[in-house]
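Inspection log for the structure reproduced underneath, given as structure tokens.
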Protein chains: 2
Amino acid sequence: MKKRTTIKDIARKAGVNHSTVSRVINENPAISDKTKKKVLKIMADLDYRPNLIARGLVKSKTNAFALITPDVNLHVAPIIKGISDTCRRLNYGLMLFSTDYWLEESRSYLEVVKNWLVDGVLIYNVIYHKEIPANIKELQKEEIPFVFLNKFIGSGMVNAVGINNYSAVELAVDHLVNIGRKRIAVINGGMMSVDGVERFEGFKKALEKHDIEFDKRLVGEGNFFYNEAYEEMKRILCLNMEKPDAVFCANDLMAIAAINAIRDRGLKIPEDIAVVGFDDLEAGKYFTPALTTIRLPQQDIGGKAIDLLLKIINDPKRSVEDISLESKLIVRESSIK
Amino acid sequence: MKKRTTIKDIARKAGVNHSTVSRVINENPAISDKTKKKVLKIMADLDYRPNLIARGLVKSKTNAFALITPDVNLHVAPIIKGISDTCRRLNYGLMLFSTDYWLEESRSYLEVVKNWLVDGVLIYNVIYHKEIPANIKELQKEEIPFVFLNKFIGSGMVNAVGINNYSAVELAVDHLVNIGRKRIAVINGGMMSVDGVERFEGFKKALEKHDIEFDKRLVGEGNFFYNEAYEEMKRILCLNMEKPDAVFCANDLMAIAAINAIRDRGLKIPEDIAVVGFDDLEAGKYFTPALTTIRLPQQDIGGKAIDLLLKIINDPKRSVEDISLESKLIVRESSIK
DNA sequence: ACCTAAATTGGTAACGTGTGCATATATAAG
DNA sequence: CTTATATATGCACACGTTACCAATTTAGGT
């Protein structure tokens, strides 16, 4: 690579001290218009860019955030997009660390954060924890600003931003009740994951709200994938009891599985059984029947999370805050009256 | 944030000069076992991590790459995953810049690259160009190592890694011919995009290979989205001529549109018209009929691209290379005999 | 013109590492 | 016990920038 032009190159050409150039760059008011103009001209001519590494060294601030995510897939994509768009707007860099799940527990987040200096860390994490894991405590001890995404929402334990799974599921159940369904099955997403747990909890709470008794036999133990959901749906339909008239699935892929299972069993959707998914997969709209689902404000998470991160950075002693975002019900054919 | 422990803290505690500590860190052989052990012990005790910013300043090497992408969506996700996994393996950082398309032409890639020092740049870009755009020439002039993803493959103009659209489409057409189809329609992805152009070119070439005459009337001008593809498919089916017996779509979403259009027109898939998509969307498997498609080695692009980038960094004068990766045909119900 | 205060600029140290060169210590040879 | 040679370590500077303090210039008031 070519040698970059530095502040000193500019200074030499302008016949001033390099600190003067620095002042021009940092818009220090103690600088005469004449020299300011001269320096700016030369900076433009030489296409000068400040060396952010050097600046980072002296200011111990890199103007970059880190995002730690277990995976990069279609669910994480909109979150990343939101974050990265926000970073661009604020002129921050974004370091992306995909851990491929192995970092979840065993290794400390500090490993990456301490090595790649960043001003703050966003942690997207899907494994369900009741307590704050030890490695996070370490983060707190080191006073590294961090915000959790989609975890510990409403816990009051750490700074966090995420969707409100409870109210989102409530939307779904309310809708099913509104169209007259009372015997609602559920296909779960697995109790290892935050979303799996919360959506199931939310489901039970929503039933309670409508005075519908929770029937254990109507619970399918899925894991967010297709195959298990298909089998569970089929199993529920074969039980020797009154059939469900609706099913809520913790994500769209499982909802598609449910639809296929129901149809393979010779039942009609939505007449016999209404189906509601979760996530708003693009393709869901084009299925027959088009899938009713919950649309999540995934892209908004990034903006809110970085807002919060900046607040923490500017006031490290502030009390923790968590922000929960509301989702939207998208009604389509799979659950109309 | 807390003050980090530095090389000097270690040095003080060990009663040696900081340069000795530096040598230990860098495994300089000119260092006695005794002091080495002592220093290493203290480093472990204090949980020392080198300040990569400072190191980057003196070595003008940051051990980080940049990825510039117009968007973060489900298509880019696996590419990002591949890249980020590879970076993690090699202990490189990855700076993600999502341009939201505005950087494509107007602003120079240099803007970001020069500002955030990185050792190399990966550029994912979807807009079709015959010539190398001016901003890239600038990159070359500045001698910044970069590799294109999914663009300029086979052009011999720049270093690039991507899928071979031509051979991928050939797979699809070969398959359709194999199951006895001769009158093959196509729904294009739009001539603004590299993939759109190349897949259409590949389609025509593949027809030629099988001595099938290209019929302009069987071309639908899609844009990778659902609605236009649906309309175009419908239009083609309404033309006053012999109907196609197959349709190749430049991506899966449009293939789903085609399926719905064909079905809405009262025709059977695959009996009347076989459908082949492109991309292998997860949901495609669960449609009825399950979608035949082309599975792309998206995740492999990252590894190959970074290999190439490292080669360029280590030998800046080497001649350009481009690597094209092969895709795989996934046959499902939408195109069986 | 002269003094004083204000505005502008220069000089230098610092951020945390790496590195070449000089120096000190240990080892080997005589 | 010297002297020569390897081996080990310290010293000082460099990387490009910011930040502080001192020095200089300019402006304002008499």
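No experiment lies behind these values; they were computed from the predicted model shown. Labels below follow one simple rule: chain letters A, B, ... track the order of the sequence lines, proteins then strands, and each chain is numbered from 1. Hydrogens, waters and symmetry mates are skipped; everything else that's a heavy atom, side chains included, is used.
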Rounded to the nearest Å, what distance is computed from the [atom1] atom of residue [X] to the [atom2] atom of nucleotide [N]?
{"X": "Ile7(A)", "N": "dA19(D)", "atom1": "CD1", "atom2": "C1'", "answer": "12 Å"}
{"X": "Leu117(B)", "N": "dG16(D)", "atom1": "CG", "atom2": "C1'", "answer": "10 Å"}
{"X": "Leu52(A)", "N": "dG16(D)", "atom1": "CG", "atom2": "P", "answer": "13 Å"}
{"X": "Lys59(A)", "N": "dT17(D)", "atom1": "NZ", "atom2": "P", "answer": "13 Å"}
{"X": "Arg4(A)", "N": "dC15(D)", "atom1": "CZ", "atom2": "C1'", "answer": "12 Å"}
{"X": "Lys36(B)", "N": "dT7(D)", "atom1": "NZ", "atom2": "C1'", "answer": "14 Å"}
{"X": "Lys8(A)", "N": "dT18(D)", "atom1": "NZ", "atom2": "P", "answer": "12 Å"}
{"X": "Ile53(A)", "N": "dA14(D)", "atom1": "CD1", "atom2": "C1'", "answer": "16 Å"}

Going by the rule salt bridge (Lys or Arg N to Asp or Glu O under 4.0 Å), which residues pair with Arg55(B) if we only count those two or more places apart in sequence or in a different chain? none
Keeping Asp322(B) on the side-chain end and Gly154(B) on the backbone end, is there a donor-acceptor pair under 3.5 Å? yes
Ile127(A) backbone acceptor or donor facing Lys151(A) side chain under 3.5 Å: yes
Does [X] place a side-chain N or O at less than 4.0 Å from the phosphate oxygens OP1/OP2 of [N]?
{"X": "Asn51(A)", "N": "dC15(D)", "answer": "no"}
{"X": "Asn17(B)", "N": "dT9(D)", "answer": "no"}
{"X": "Ser19(B)", "N": "dA12(D)", "answer": "no"}

Could you tell me whether [X] contacts a base, only the sugar-phosphate backbone, or nothing, with contacts defined as non-hydrogen atoms closer than 4.0 Å?
{"X": "Leu57(A)", "result": "base"}
{"X": "Ser60(B)", "result": "nothing"}
{"X": "Ser22(A)", "result": "base"}

From Thr69(A), Asn73(A), Asp71(A), residue fulfilling side-chain hydrogen bond (donor to acceptor under 3.5 Å, both in side chains) relative to Lys81(B): Asp71(A)
Looking at Lys61(A), I want to see if its NZ is surrounded by more than 12 non-hydrogen atoms of other residues, nucleotides or ligands under 6.0 Å. yes
Decide if atom NZ of Lys3(A) counts as having more than 12 heavy atoms of other residues, nucleotides or ligands within a radius under 6.0 Å. yes
Tyr48(A) vs Ala30(B), nearer the 5' end of DNA chain D by closest nucleotide: Ala30(B)
No-H, no-angle donor-acceptor pair, His18(A) side chain to dT18(D) base, under 3.5 Å: yes
For Phe65(A) and Tyr92(A), take the angle between the two ring planes, folded into 0 to 90°, and tell me which bin it lands in: parallel under 30, tilted 30 to 60, perpendicular over 60. parallel
DNA chain C: 5'-most and 3'-most nucleotides touching chain B, 4.0 angstrom heavy-atom criterion: dG16(C) to dG20(C)
